[in-house]
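Have a look at the structure below, then the notes.
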Amino acid sequence: MNYTFDTICATATPLSTGGIGVIRVSGENSIEIVQKIFNKKIVPKIINHGWILNNGKKIDEVIVLPFVAPHSYTGENVAEIQTHGSPVVINEILNLILENGARLAQRGEFTKRAFLNHKIDLSQAEAVLDLINAKTTKSAQGAANNLSGALKIKIEEIKTQISDILGRIIASLDFPEDVAEVSYDEIIEKIENSIKNIEEILKNARIHNILRQGVKIAVAGRPNAGKSSLFNALLNIDRAIVTEIEGTTRDTITETLDLNGISATLIDTAGIRNESADKVEKIGIEQSKSAIEQADVVLCLYDGQVGINDKDREIFELAKNKKHLIVCTKCDLCPSISQNGEISISSVTKEGIEELKNALYKEIIGLNPTENEFLTNQRHQNCLKLSLEALNNALEGANQQELQDLISIDLKAALTNLGEISGEVITDNILNNIFENFCIGK
Ligand SMILES: Nc1nc2c(ncn2[C@@H]2O[C@H](COP(=O)(O)OP(=O)(O)O)[C@@H](O)[C@H]2O)c(=O)[nH]1
Ligand SMILES: [Mg+2]
């Protein structure tokens, strides 16, 4: 692939008022270009303090950090300018840099160059994006691990296992006189081992998808069951939504909470006012229906003072095809009601709220996440699954003592698919897809 590395620039900080603004310039001429608008000689490897000038007019007092290739984020010459955090100043300096020969960077172009210049592999480039977008500490941690190369190292390990056996098969086929045929037992053992390793990474894929994307939790139940009160108790805020504002047209309200590392969006139904009791029940069911439809997990609430009746069952029925928990509310008013291991809570005394959070976590994740430091995204998972498929074909062939020539074809396919994760085997299309999700300036 041919890439032209002209000089690009962008603001690395949001274009809004702040303490400082950072402008990044990368490419062969980056330092020269910045030199043209800086009032002192830029010395590499030190912090350069001075003024940005426009035709002799002082624009801002700044710090210029020059990085000489290959010792920079992108692997190219880079000049970073720290300005005062004014959008007007940042824009003016950016325009000066553009006038002097740079062009505006595309989304993710700095990180893309870091990848193309072999500073990082593709899984690390994606980790940069994941880290920026992480919603909880846990997903940030996973991204940071990948950034430091955890996934890359693991994939390399599996690739080495496969390459070893593939290399020996090919050698014995090419030089039958000198190299002994590899035994089928050994081929089977090595393939099984690689399969096990890939399955291990994929095992937590669902959990990682949840960590990455978050979950939606509906709070469903009859009017007065205590939904809004629980919503507030879970969020730990005192927002006056227990009684809804009259005339509101939205039928659901959402807020996000960090549920032991999962980004969970809670969905509550809006309050109903000025309606007859019958109509209130009917609207309540409709609203619960709409909240449940949007959710991945449903909390089915009933008023502990009343117990479960047919109207509750009607609502619970709506959630039967989703993950759900039955929750008995207002337990401060009726401590003895809890039945069948259901969770009893009180939004007033906060009794049972922590238990509910733990139960929710378990319900969402299915089991406690094993210590698996590899955060995989959909693209990695697809590559891993394709590789697994090829390995399973190879294993079947080996079990049937097929010609080793044929087995080697599947092993090569398995390697190619793994190579896509790190970006060894990569097309422009895949690259563009990945970097389009970045922000400008990263
Ligand atoms: N004592 C007590 N009252 C509660 C509790 N949860 C809700 N309530 C009361 O029950 C009524 C209905 O609660 P609300 O959360 O608005 O129910 P929603 O219609 O399901 O949203 C309100 O008067 C709340 O103050 C609780 O845990 N303990
Ligand atoms: Mg309510």
Side-chain angles (χ1 to χ4, degrees), residues 216-257 259 264-320 322-360 363:
K216 295 203 178 104
I217 303 169
V219 187
R222 290 175 55 201
N224 253 352
K227 299 181 292 296
S228 301
S229 305
L230 175 61
F231 184 89
N232 283 346
L234 282 170
L235 291 169
N236 217 359
I237 54 169
D238 270 327
R239 230 178 75 176
I241 46 178
V242 174
T243 48
E244 253 305 307
I245 305 147
E246 213 167 326
T248 177
T249 50
R250 289 180 310 165
D251 62 354
T252 58
I253 303 152
T254 61
E255 283 282 353
T256 303
L257 95 144
L259 187 73
T265 303
L266 279 182
I267 309 168
D268 183 21
T269 56
I272 310 156
R273 287 275 202 94
N274 299 338
E275 298 286 357
S276 63
D278 256 11
K279 208 160 175 201
V280 164
E281 288 286 356
K282 226 162 137 191
I283 300 172
I285 290 175
E286 282 310 309
Q287 288 185 343
S288 282
K289 203 168 168 178
S290 126
I292 290 168
E293 271 166 10
Q294 301 169 45
D296 305 301
V297 188
V298 185
L299 293 177
C300 297
L301 270 51
Y302 72 92
D303 188 333
Q305 298 172 108
V306 184
I308 302 181
N309 65 22
D310 283 349
K311 297 233 167 73
D312 295 307
R313 284 192 194 96
E314 195 176 329
I315 290 177
F316 297 176
E317 189 68 15
L318 298 169
K320 73 167 192 269
K322 299 225 171 180
K323 284 176 181 286
H324 63 272
L325 292 173
I326 310 263
V327 181
C328 167
T329 63
K330 311 186 192 179
C331 74
D332 55 303
L333 300 176
C334 48
S336 60
I337 189 86
S338 170
Q339 325 146 331
N340 326 321
E342 286 159 7
I343 297 158
S344 285
I345 59 110
S346 164
S347 303
V348 173
T349 63
K350 306 284 186 285
E351 198 185 327
I353 298 292
E354 271 313 304
E355 283 92 330
L356 178 62
K357 280 189 180 177
N358 291 337
L360 256 176
E363 187 71 16

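Atoms within a ligand are numbered from 1 in the order they appear, just like the ligands themselves.
Residue Ser228 has at least one heavy-atom neighbour below 4.0 Å for each of these atoms of ligand 1: 15 (O), 18 (P), 21 (O). Close contacts of ligand 1 with Arg222, meaning ligand atoms under 4.0 Å from a residue heavy atom, involve 20 (O). The contact set between ligand 1 and Ser347, taken as ligand atoms under 4.0 Å from a residue heavy atom, comprises 26 (C), 27 (O).
Using modelled atom types and a 3.5 Å distance limit, the side chains of Asp268 and Ser228 yield a donor-acceptor pair.
By the 4.5 Å heavy-atom criterion applied to side chains, Leu234 and Lys357 are counted as neighbours. Counting heavy atoms from C-beta on, the side chains of Val298 and Lys323 never come closer than 4.5 Å.
Atom OG of Ser344 and atom CG of Asp332 lie 10.5 Å apart (nearest 0.5 Å).
Residue Gly226 has at least one nitrogen or oxygen atom sitting less than 3.5 Å from a nitrogen or oxygen atom of ligand 1, judged on distance alone. At under 3.5 Å, a nitrogen or oxygen of Asn224, whether backbone or side chain, sits near a nitrogen or oxygen of ligand 1.
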Test salt bridge (charged side-chain N to carboxylate O under 4.0 Å, His left out) applied to Lys320 and Glu317, step by step: CA-CA 5 Å; Lys320 73 167 192 269; Glu317 189 68 15; 3.1 Å; yes
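Under the 4.0 angstrom criterion for non-hydrogen atoms, Ala225 is in contact with ligand 1. Residue-ligand proximity: Thr329 is placed with every non-hydrogen atom at 4.0 Å or more from ligand 1.
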